[in-house]
Amino acid sequence: AEVPAAMKDGRYGQETHNEALVSLIQRGIVEPMEAYLKCQERETFIRACKHAGIDFDPRGEGAITTDV
């Protein structure tokens, strides 16, 4: 599934960008890696996933580095 265009901007309704992406993951609409690649702040997104109980951290696999 593709991240809706509205999700690519800073806020969506009353949710932050990361909260909205986490919600899409929880609802099974978007895969965590797809959301990670579209998110604006990767470190914050990873923390939001952990806070929501989503076990996702691509850094541990060495596949993706954090923002520079």
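Values below: all heavy atoms of this structure, side chains included; hydrogens, waters and symmetry mates excluded. Residue numbers count from 1 along this sequence.
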Pair R47, H51 - check side chain to side chain contact (heavy atoms under 4.5 Å, CB included), show working.
CA-CA 6 Å; R47 284 194 300 272; H51 181 72; over 6 Å; no

Validation row: L37, R42 side chains within 4.5 angstrom (heavy atoms)
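Sidechains of R42 and L37: in contact.
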
Rounded at 0.5 Å granularity, tell me how far [atom1] in [X] sits from [atom2] in [Y].
{"X": "Q26", "Y": "C49", "atom1": "CD", "atom2": "SG", "result": "8.5 Å"}
{"X": "D57", "Y": "F45", "atom1": "CG", "atom2": "CZ", "result": "10.5 Å"}
{"X": "K38", "Y": "L24", "atom1": "NZ", "atom2": "CG", "result": "12.5 Å"}
{"X": "I54", "Y": "I25", "atom1": "CD1", "atom2": "CD1", "result": "4.5 Å"}

I'd like to know whether V30 forms a side chain to side chain contact (heavy atoms under 4.5 Å, CB included) with L21, so could you lay out the CA-CA distance, the side-chain angles of the two residues, the decisive distance to 0.1 Å, and finally the verdict.
CA-CA 8 Å; V30 174; L21 288 173; 5.6 Å; no

Ring pair (Phe, Tyr, Trp, His ring centres under 6.0 Å) against F56, all qualifying residues, sequence neighbours excluded:
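So F56 forms a ring pair (Phe, Tyr, Trp, His ring centres under 6.0 Å) with Y36.
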
